[in-house]
Amino acid sequence: MNNPLKDAQLRIENVFNTINLDKKYLPLLLEPNRFIHVKVPLVKDNGEIVVYDGYRSQHNNNLGPYKGGIRYSLNVTSDEVKALSLWMSLKCAIINVPFGGGKGGICVDVKTLSENEIERLTRSYTRLIAPNIGDNVDIPAPDVNTNGKIMNYIVDEYAKYKGKIHLGVVTGKPIENGGSLGRVEATGYGVYLNTTFAAKDLNITDKTVAVEGCGNVGIYAALYLYQNGYKVVAVSNTSGCLFKKDGINIANLSIFLKTNRNLNDYQEENIKHLNKNDIYEVDANIFLPCALENSINETNASKIKAKLIVEGANGPINVEGEKLLLQKNVTIIPDVLANAGGVLVSYFEWHQNINEITWNFDFIQKKQLEMTEIAYNNIKDFKLLHNLTFREACYAYAVNKIIKGGKY
Ligand code: GLU
């Protein structure tokens, strides 16, 4: 079993060697500033009481309040949450928002819970972490298996704790409760933008794409690519994989997915239904891993035919898998740059909340485009200057900025 924290720490250590950073700062970044482990009690609908392990990792706040999602999944461990919070610190530094890195999670299988149980679990977790979050302290957001509805429960429970509503305590809220236009689309839109910048730099003219994972990130990235002349030839999720040589109609598929997650039920002329692992072998010049951590590893990396990989998910390629891809000269746009659109529009949401203003959708997407292009070019220039991979450049650029932003 891969440990994402070990991978993240190794990559941080390597960066100190590649660009000759002062090693005295290394211990500041390997572990979070504060790590909270809570035992979250839930009274089930049948009256039984179950206690779940919950975490909040506050990695580094040199550049601003901690920021990052909360996930509900059986894969949640203390090390996973720590790694994800470290990546958030890098992501915020790269995309130029005044936040540090945080992440939280509860180790739970949400499929076994009713909606009322999810609400009670969220309120219970919020009560336990309430003294350590706040709109200027640590600002959670949705992540794997959490959403706007869950953010509403946090706002409400936090208001009970503070005696007053603070909309800026979380982002990713529904629009009617202080959410921002463009936030739902933001991560996928950012993945799409990074794909277009990199495809242009690499001169990829046959714009065929395979997308692993069709949750919120994967499907929006695929949709924007489809609408802008890319041919999305394959899409997968845990149920299977769709393949169509001439390109899948992603507009239709995205409507289908709103009510049915089983790709085997999706029909379109000339579409083939494959196994979910076949996604790694399809003929496509661009591959977007938008599922979970470590999906690309030493077992499948050498099968991938793409010239360009853009990481929609957090940590989808492990260190071993990356080595194999780099040997084949594959360009990888890493998560901390590629999927930073989520936290970027979270920052816009927080800014609107704090200043009691509302921005429109076009303004938000225009701002997202501008800031994403600046971040991509900053990293590209840094990469060329120091002769690094995109991932090394991201780590080095961000670590440098975080170290300089601190008081010691
Ligand atoms: N969960 C998202 C991420 O991993 C968004 C975090 C946020 O909006 O704070 O980037």
Side-chain angles (χ1 to χ4, degrees), residues 32-36 38 40 54-71 81 84-85 87-93 95-106 119 122-143 146-184 186-187 340-359 363-364 367-368 371 402 405-407:
N33 290 348
R34 182 194 277 146
F35 187 74
I36 304 161
V38 287
V40 193
Y55 308 96
R56 185 75 189 165
S57 175
Q58 299 178 331
H59 178 259
N60 188 287
N61 63 351
N62 284 7
L63 301 177
Y66 303 104
K67 181 87 193 80
I70 290 172
R71 57 173 60 183
V81 172
L84 288 160
S85 69
W87 288 327
M88 284 308 301
S89 293
L90 306 184
K91 211 182 279 189
C92 293
I95 200 70
N96 292 308
V97 293
F99 290 139
K103 199 70 150 210
I106 303 179
E119 174 172 350
T122 304
R123 289 182 182 277
S124 190
Y125 173 70
T126 307
R127 282 194 292 276
L128 289 166
I129 62 165
N132 298 105
I133 60 172
D135 44 14
N136 279 306
V137 181
D138 181 1
I139 306 139
D143 201 88
T146 54
N147 52 32
K149 209 169 174 183
I150 291 176
M151 296 306 112
N152 274 350
Y153 302 144
I154 299 180
V155 171
D156 191 57
E157 201 56 40
Y158 187 72
K160 289 183 194 162
Y161 172 76
K162 290 297 263 192
K164 181 173 174 285
I165 287 186
H166 291 258
L167 284 177
V169 68
V170 291
T171 58
K173 299 176 290 290
I175 305 294
E176 61 282 7
N177 191 35
S180 176
L181 293 166
R183 177 62 185 87
V184 174
T187 314
V343 76
L344 175 59
V345 179
S346 271
Y347 166 64
F348 297 161
E349 176 177 335
W350 178 82
H351 180 84
Q352 291 171 83
N353 293 154
I354 302 288
N355 294 293
E356 298 183 22
I357 49 169
T358 307
W359 290 352
F363 179 75
I364 285 168
K367 255 316 320 108
Q368 182 174 355
M371 288 182 70
I402 293 166
K407 294 187 190 70

| Is there a salt bridge (charged side-chain N to carboxylate O under 4.0 Å, His left out) between Asp156 and Arg123 once you walk through the steps? | CA-CA 8 Å; Asp156 191 57; Arg123 289 182 182 277; 2.9 Å; yes
| said: For a side chain to side chain contact (heavy atoms under 4.5 Å, CB included) check, start with the C-alpha distance between Ile139 and Ile133, then their side-chain angles and the critical distance, and finish with the verdict. | reply: CA-CA 6 Å; Ile139 306 139; Ile133 60 172; over 6 Å; no
| said: side chain to side chain contact (heavy atoms under 4.5 Å, CB included), that's the test. Do Ser57 and Leu84 meet it? Break it down for me. | reply: CA-CA 9 Å; Ser57 175; Leu84 288 160; over 6 Å; no
| query | Which is it for Tyr125 and Ile70 under the side chain to side chain contact (heavy atoms under 4.5 Å, CB included) test, yes or no, and what are the steps along the way? | reply | CA-CA 11 Å; Tyr125 173 70; Ile70 290 172; 3.6 Å; yes
| request: Check the pair Trp350 / Asn136 against side chain to side chain contact (heavy atoms under 4.5 Å, CB included), numbers first and verdict last. | output: CA-CA 10 Å; Trp350 178 82; Asn136 279 306; 3.8 Å; yes
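Classified by interplanar angle (parallel below 30°, tilted 30° to 60°, perpendicular above 60°), the ring pair Tyr347/His351 is tilted.
Applying side-chain hydrogen bond (donor to acceptor under 3.5 Å, both in side chains) to Lys173 and the options Asn152, Asn147, Asn353 leaves one that passes, Asn353.
For Lys67 and Thr171, the side-chain atoms include at least one donor-acceptor pair closer than 3.5 Å. Side chains of Asn33 and Gln58: no donor on one and acceptor on the other come within 3.5 Å. Side-chain atoms of Ser180 and Gln352 include a donor-acceptor pair closer than 3.5 Å. Inspection of the Ser346 and Arg183 side chains reveals an N or O donor paired with an N or O acceptor under 3.5 Å.
The environment of Lys160 atom NZ is dense: over 12 non-hydrogen atoms of other residues, nucleotides or ligands sit within 6.0 angstrom. Around atom CD1 of Ile165, no more than 12 heavy atoms belonging to other residues, nucleotides or ligands sit under 6.0 Å away.
Annotation: side chain of Leu63 is not in contact with side chain of Cys92 (no heavy-atom distance under 4.5 Å). Counting heavy atoms from C-beta on, the side chains of Pro65 and Val137 never come closer than 4.5 Å.
Remark: side-chain polar atoms of Trp359 are not paired, donor with acceptor, to backbone N or O of Phe348 under 3.5 angstrom. With hydrogens and angles ignored, the 3.5 Å screen pairs a side-chain donor or acceptor of Gln368 with a backbone N or O of Ala186. Under the 3.5 Å distance criterion, the side-chain polar atoms of Asn60 are left unmatched by any main-chain donor or acceptor of Gly101.
For the atom pair CD1 (Ile354) and CD (Glu349), the distance works out to 10.5 Å, reported to the nearest 0.5 Å. The OG1 atom of Thr122 sits 10.5 Å away from the CZ atom of Arg127 when rounded to the nearest 0.5 Å. Distance check: Tyr55 OH to Arg71 CZ gives 13.5 Å after rounding to the nearest 0.5 Å. Between Lys149 atom NZ and Glu119 atom CD the span is 8.5 Å, to the nearest 0.5 Å. One finds the CD atom of Glu157 at 14.5 Å from the NZ atom of Lys162 (value rounded to the nearest 0.5 Å). Once rounded to the nearest 0.5 Å, the distance linking CZ of Arg56 with CG of Asp138 reads 4.0 Å.
Contact record, Ala340 with Ile95: CB-CB, 3.8 Å, taken as the closest heavy-atom pair. His166 approaches Val155 most closely through the heavy-atom pair O-CG1, 4.4 Å.
Aromatic pair Tyr66/Phe99: centroids not less than 6.0 angstrom apart.
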